[in-house]
Chemist: 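Just passing along the structure, written as structure tokens.
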Amino acid sequence: MDPPILTYEFFSRDTNVVAKKLIGTKLVKTIRNNNRKITLSGIIVETEAYGYKSDEASHAYRGMTTRNMVMFGPVGRTYIYFTYGNHYCFNVTAKSKNQIAGAVLIRGVEPKEGIEYMKDYRNLDDIMLLTNGPGKITQAFGIDKQYNNQDLTNINNDLYIVKGFIPNLVLATKRIGIKKSIHVYKRYILASKIENKIFINQFVSKKKENNHFHICRLL
DNA sequence: CGCTCGATATTCT
DNA sequence: GAATATCGAGCGA
């Protein structure tokens, strides 16, 4: 029995809360190879929340455009965009009733199933570098613009997110790779505390910004 | 290691 | 025409 899929209600909460709660869940994509069903999956270990008018770094900051309109629509959908002429980024739309737009960027994943296929998509052997970054995840999972605005809450689709485990510790840090609104803590990373020492998950994208964080325990 | 820099196309001004 | 929610090669220490 597969773990339960994340529902519309899961994503129908404050974008920051959803970004936090997504840590420890599992991203799943099914593909077909020689008429066999193959599962690619990985634990989400790093996310960032992007909002609306109060968030200058968000694509939705200046209002609705053809690119960002998914952020204004129903929650639990994919928001995929192309950036730097090279990479796709994978987001999930999420917002509460009183929020106008919002999405969560998936920045880091720990590969679980279908690793050989991910290596093939990435043309790379090193597991540690397979999915530790937003552009790497979409390449490893074979996700491109075609997957924009897909419903992630339908088990019949080939892309969805299922429940995982409750993390020992989640850290909130400043978001990275942006120039505006850099002082808010809307990036969440998986960590664990063992004998009073904090360990950051190895598949979090490596950046010096990891050095400063707010400790943020789940539940 | 860590830092700098170029590639590359879509989007928005 | 400028900016970009990135990546990896290539450098130097």
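In what follows, chains carry the letters A, B, and so on, assigned in the order in which the sequence lines appear, proteins first and then strands, with residues in each chain numbered from 1. If you're wondering where the values come from, they're calculated on a predicted model, not measured in any experiment.
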Chemist: List, by chain and number, the other hydrophobic cluster members for A:Ile194, where Ile, Leu, Val, Met, Phe, Trp and Tyr join if side-chain heavy atoms come within less than 4.5 Å, directly or indirectly.
Modeler: A:Phe199
Chemist: For residues 68-81 of chain A, please give each side-chain donor-acceptor pair under 3.5 Å, one per line with the distance, not counting sequence neighbours.
Modeler:
residue, atom, partner, partner atom, Å
A:Asn68, OD1, A:Thr65, N, 2.7
A:Asn68, OD1, A:Thr65, OG1, 3.4
A:Asn68, ND2, A:His59, O, 2.9
A:Asn68, ND2, A:Gly63, O, 2.9
A:Asn68, ND2, A:Thr65, OG1, 3.4
A:Arg77, NH1, A:Asn149, OD1, 2.9
A:Thr78, OG1, A:Tyr147, O, 2.5
A:Thr78, OG1, A:Asn149, N, 3.0
A:Thr78, OG1, A:Gln150, N, 2.7
A:Tyr79, OH, A:His59, ND1, 2.7

Chemist: For A:Asn148, which residues count as a side-chain hydrogen bond (donor to acceptor under 3.5 Å, both in side chains) partner, sequence neighbours excluded?
Modeler: none
Chemist: Give the C-alpha distance, both sets of side-chain angles, the deciding distance and a yes or no for side-chain contact (heavy atoms from CB on, under 4.5 Å) between A:Met128 and A:Phe203.
Modeler: CA-CA 7 Å; A:Met128 299 310 294; A:Phe203 293 91; 3.8 Å; yes
Chemist: Of the residues in residues 69-88 of chain A, which ones touch DNA chain B at a heavy-atom distance under 4.0 Å?
Modeler: A:Phe82, A:Tyr84, A:Gly85, A:Asn86
Chemist: Whole-Å distance between C:dT4 P and A:Leu105 CG?
Modeler: 16 Å
Chemist: It should be established whether A:Lys179 places a side-chain nitrogen or oxygen under 4.0 Å from OP1 or OP2 of nucleotide C:dT4.
Modeler: yes
Chemist: Under the side-chain hydrogen bond (donor to acceptor under 3.5 Å, both in side chains) rule, collect the residues that match up with A:Thr25, sequence neighbours excluded.
Modeler: none
Chemist: Give the minimum heavy-atom separation between A:Asn16 and A:Lys186, together with the two atoms involved.
Modeler: OD1-CG, 3.5 Å
Chemist: Taking DNA chain B as the partner, which of residues 57-67 of chain A come within under 4.0 angstrom of it by heavy atom?
Modeler: A:Arg62, A:Thr65, A:Thr66, A:Arg67
Chemist: For A:Thr138, enumerate each residue passing the side-chain hydrogen bond (donor to acceptor under 3.5 Å, both in side chains) test, keeping only those at least two apart in sequence or located in another chain.
Modeler: none
Chemist: Which pairs with one or both residues in residues 86-96 of chain A pass side-chain hydrogen bond (donor to acceptor under 3.5 Å, both in side chains), sequence neighbours excluded?
Modeler: A:Ser96-A:Asn98, A:Ser96-A:Gln99
Chemist: Rounded off to whole Å, could you give me the CG-to-C1' distance for the A:Asn68 and B:dT11 pair?
Modeler: 10 Å
Chemist: Where along residues 121-137 of chain A does a heavy atom fall under 4.0 Å from DNA chain B?
Modeler: none
Chemist: Run the side-chain hydrogen bond (donor to acceptor under 3.5 Å, both in side chains) test against A:Asp151 and tell me which residues pass, sequence neighbours left out.
Modeler: A:Thr153
Chemist: In whole angstrom, give the distance that lies between atom CD1 of A:Ile176 and atom C1' of C:dT6.
Modeler: 11 Å
Chemist: Is the shortest side-chain N to carboxylate O distance from A:Arg107 to A:Glu46 below 4.0 Å?
Modeler: yes
Chemist: Which dot-bracket string describes DNA chain B (Watson-Crick N1-N3 plus N6-O4 or O6-N4, or G-U N1-O2 and O6-N3, all under 3.5 Å; [ ] crossing; | other strand)?
Modeler: |||||||.||||.
Chemist: Heavy atoms only: give me the nearest A:Thr131-A:Lys136 pair and the separation to one decimal.
Modeler: CA-CB, 4.1 Å
Chemist: Is A:Lys145 near enough to B:dT11 that one of its side-chain N or O atoms lies under 4.0 angstrom from OP1 or OP2?
Modeler: yes
Chemist: Using a 4.5 Å cut-off between side-chain heavy atoms of Ile, Leu, Val, Met, Phe, Trp and Tyr, which other residues end up in the same hydrophobic cluster as A:Val184?
Modeler: none
Chemist: So does A:Lys163 have more than 12 non-hydrogen atoms from other groups sitting under 6.0 Å from NZ?
Modeler: no
